[in-house]
Amino acid sequence: MEYVQSVVDFLKNKYPSDPVFHQAIQEVLGTLQPLLAREPKYAANKILERITEPERIISFRVEWVDDKGEIQVNRGYRVQYNSALGPYKGGLRFHPSVNLGILKFLGFEQIFKNSLTGLAIGGAKGGSDFDPKGKSDKEVMRFCQAFMNELYRHIGATIDVPAGDIGVGGREIGYLYGQYKKLTRLFDGVLTGKNPLFGGSLARKEATGFGVVYFAQNMMQSAGNSLEGKTCVVSGAGNVAIYCVDKLHQLGAKPVTVSDSRGMIHHASGINLEALQQVKEVERAPLSRYAELCPDAKYTPASEYPAGRNAIWSVPCDAAFPCATQNELNLEDAKTLISNGCRCVSEGANMPATLDAAHAFIEAGVLYGPAKAANAGGVATSQLEMAQNASMQKWTFATVDNQLKQIMANIHKAADETAKEFGQPGNLLMGANIAGFRKVADAMIEQGVC
Ligand code: NDP
């Protein structure tokens, strides 16, 4: 424990203004103690000191001209965290809150998530403090082109393959890819989440949300239960949330909520997928619009939530799917969910539960699927897109979806068996962290100090 604490203390002192990065470090390193005690080679090779420091951070200015002819300046980043297992891989986030600390937290988590998929991909994350909300398509295009004008030097189909994240969907990936192609003259798989018209994989758009539900299904089945007939609470209303709602319906569960940064919808008879897609994918409108399309749904603006709480977690449910953003579910929310009878939590967003909330779920015996395991379906399917691009093939939706299902089952098995191996059956947080870490650390040792 002394070794872990010394590394955590060092990083807190070195990077004092990055609280979410500290949280991610603590979340992973805090569960590794049984492995480190059994295998002194990790301390001897200074793996914790090395794995917590990104291999490379690229930081750059992005300048572009808005529709009024005004010059705008944003900051762009790519954190190439770890390439022990394969080319860097991880999403790009466009959101005003983006800073280096957030991208380091996301990149660090990505290393272990990618390792858990069993595929040959390293960990990275990038993005910008650009806010696509309220911008015209042309403004988004000009920003994406300006962003790629620098990023293209640092990425490549076998070097670093970015994908989407918050604020980066099919539209942004299309513009980024167009500019990459223009600058390099290469039509290769350098971005994933592309439109299937030009190399995108079928089922990539759906993959993260579907995977989160497959993971929940695996957890329920291991407890002799199923999702069928279960009332489910989903947060978020973006890519992950929409396809989480879709898969829940397909498996006979009833998703009753969605949310965005402005408010939440509670639709007791079940979220209407078509209306949700119309509002978020077609109109790009706030969720209050959903209540206009479905008058029996209740809309609550975020301004009416109790102070410091996310009202969505007080809706009684059997299973919860946080699919919006980090730290959206705190200890009080976890206690409310538990006392309302929630038996399963599968994380679609990255680190949506605070560490004390995650521990509360585990201690209460709730089936808890941590993000790096439960939401790994997106990056896994991105790797399937890379494989299709490299071999110039196009697989059917069913082929990709079946592989996704199998990968999610494998991830659940790895986390579950590793938790048992280290004496904490059911603790998938520990199981996922150790299973993901062990492969990366062993690869680093094999590759030497370089
Ligand atoms: P989108 O941008 O498509 O959607 C994000 C959703 O979350 C929107 O409804 C947004 O509302 C809401 N949201 C974002 N920030 C906040 C906030 N601070 N408070 C309340 N609501 C918020 O992103 P994705 O669906 O792609 O990503 C959601 C989560 O899933 C993120 O944590 C991401 O890292 C994670 N993830 C995504 C993957 C992917 O393949 N896309 C893969 C693995 C993880 P609004 O529009 O009003 O801002």
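Any value given below was found using the heavy atoms of this structure, including those in side chains, with hydrogens, waters and symmetry copies removed. Just so you know, these numbers come straight off a predicted model, no measurement behind them. Whatever order the structure lists ligands and atoms in, that order sets their numbers, starting from 1.
Screening Leu116, Leu119, Ile121 for a side chain to side chain contact (heavy atoms under 4.5 Å, CB included) involving Val379 leaves a single residue, Ile121.
Closest to atom 18 (N) of ligand 1 among all protein heavy atoms lies Thr325 CG2, 3.6 Å. When only non-hydrogen protein atoms are considered, atom 41 (N) of ligand 1 lies nearest to Asn239 OD1, 3.6 Å. Ranking the protein heavy atoms by distance from atom 39 (C) of ligand 1 puts Thr208 OG1, 3.4 Å first. At the shortest separation from atom 27 (O) of ligand 1 among protein heavy atoms lies Ile166 CG1, 3.7 Å. Protein heavy atom nearest atom 32 (O) of ligand 1, with residue, atom name and distance: Asn350 N, 3.1 Å. From the protein, the heavy atom lying nearest to atom 4 (O) of ligand 1 is Gly238 CA, 3.2 Å. The protein atom (non-hydrogen) at minimum distance from atom 2 (O) of ligand 1 is Gly167 N, 3.0 Å. Looking only at protein heavy atoms, the nearest one to atom 28 (C) of ligand 1 is Ala324 O, 3.3 Å.
Checked against a 3.5 angstrom limit, the closest N/O atoms of Val240 and ligand 1 fall inside it. Backbone and side-chain nitrogen or oxygen atoms of Gly164 are examined, and none is located within less than 3.5 angstrom of a nitrogen or oxygen of ligand 1. When only interatomic distances are considered, the shortest N/O to N/O separation between Lys133 and ligand 1 falls below 3.5 Å. An N or O contact shorter than 3.5 Å links Ser261 to ligand 1 by distance.
Heavy-atom proximity to Cys323, at under 4.0 Å, picks out these atoms of ligand 1: 28 (C), 29 (C). Atoms of ligand 1 found under 4.0 Å from any heavy atom of Arg93 (numbered from 1 in listed order, with element): 31 (C), 32 (O), 33 (C), 34 (O). For ligand 1 and Arg204, the ligand atoms under 4.0 Å from any heavy atom of the residue are 40 (O). For ligand 1, the atoms sitting less than 4.0 Å from at least one non-hydrogen atom of Ala349 are 29 (C), 30 (O), 32 (O), 35 (C), numbered in the order shown with element in parentheses.
Taking the six-membered ring for Trp and the full ring otherwise, the centers of Phe143 and Phe130 sit less than 6.0 Å from each other.
Comment: Arg61 engages Glu63 in a salt bridge, judged by a side-chain N to carboxylate O separation of less than 4.0 angstrom. No salt bridge links Glu139 with Lys68; every basic N to acidic carboxylate O contact stays at or beyond 4.0 Å. Ion pairing between a basic and an acidic side chain is recognised when a charged N comes within 4.0 Å of a carboxylate O; Asp67 and Lys135 show no such pairing.
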Step-by-step side-chain contact (heavy atoms from CB on, under 4.5 Å) determination, Met141 to Arg171
CA-CA 9 Å; Met141 181 183 77; Arg171 174 182 61 169; over 6 Å; no
side-chain contact (heavy atoms from CB on, under 4.5 Å) between Glu281 and Leu276: does it pass, once the steps are laid out?
CA-CA 8 Å; Glu281 293 186 335; Leu276 179 63; over 6 Å; no
Under the salt bridge (charged side-chain N to carboxylate O under 4.0 Å, His left out) criterion, do Arg93 and Asp165 qualify, and how do the steps go?
CA-CA 5 Å; Arg93 177 176 291 193; Asp165 190 78; 2.6 Å; yes
After noting the C-alpha distance and the side-chain angles of Tyr81 and Tyr88, does the key distance pass the side-chain contact (heavy atoms from CB on, under 4.5 Å) rule?
CA-CA 7 Å; Tyr81 224 119; Tyr88 304 107; 5.9 Å; no
Could you check Arg309 against Asp333 for salt bridge (charged side-chain N to carboxylate O under 4.0 Å, His left out), going step by step and ending with a plain yes or no?
CA-CA 7 Å; Arg309 300 286 302 279; Asp333 298 323; 2.7 Å; yes
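No side-chain donor-acceptor contact under 3.5 Å links Asp129 to the backbone of Asn74. Side chain of Glu385 to main chain of Gly193: a donor-acceptor pair is present (N/O by atom type, distance under 3.5 Å, no hydrogens or angles).
The shortest separation from a heavy atom of Gly169 to ligand 1 is not under 4.0 Å, leaving the residue out of contact.
The backbone and the side chain of Asp165 each have at least one atom closer than 4.0 Å to an atom of ligand 1 (non-hydrogen atoms only). If you look at Ser259 next to ligand 1, the close heavy atoms, those under 4.0 Å, all belong to the backbone.
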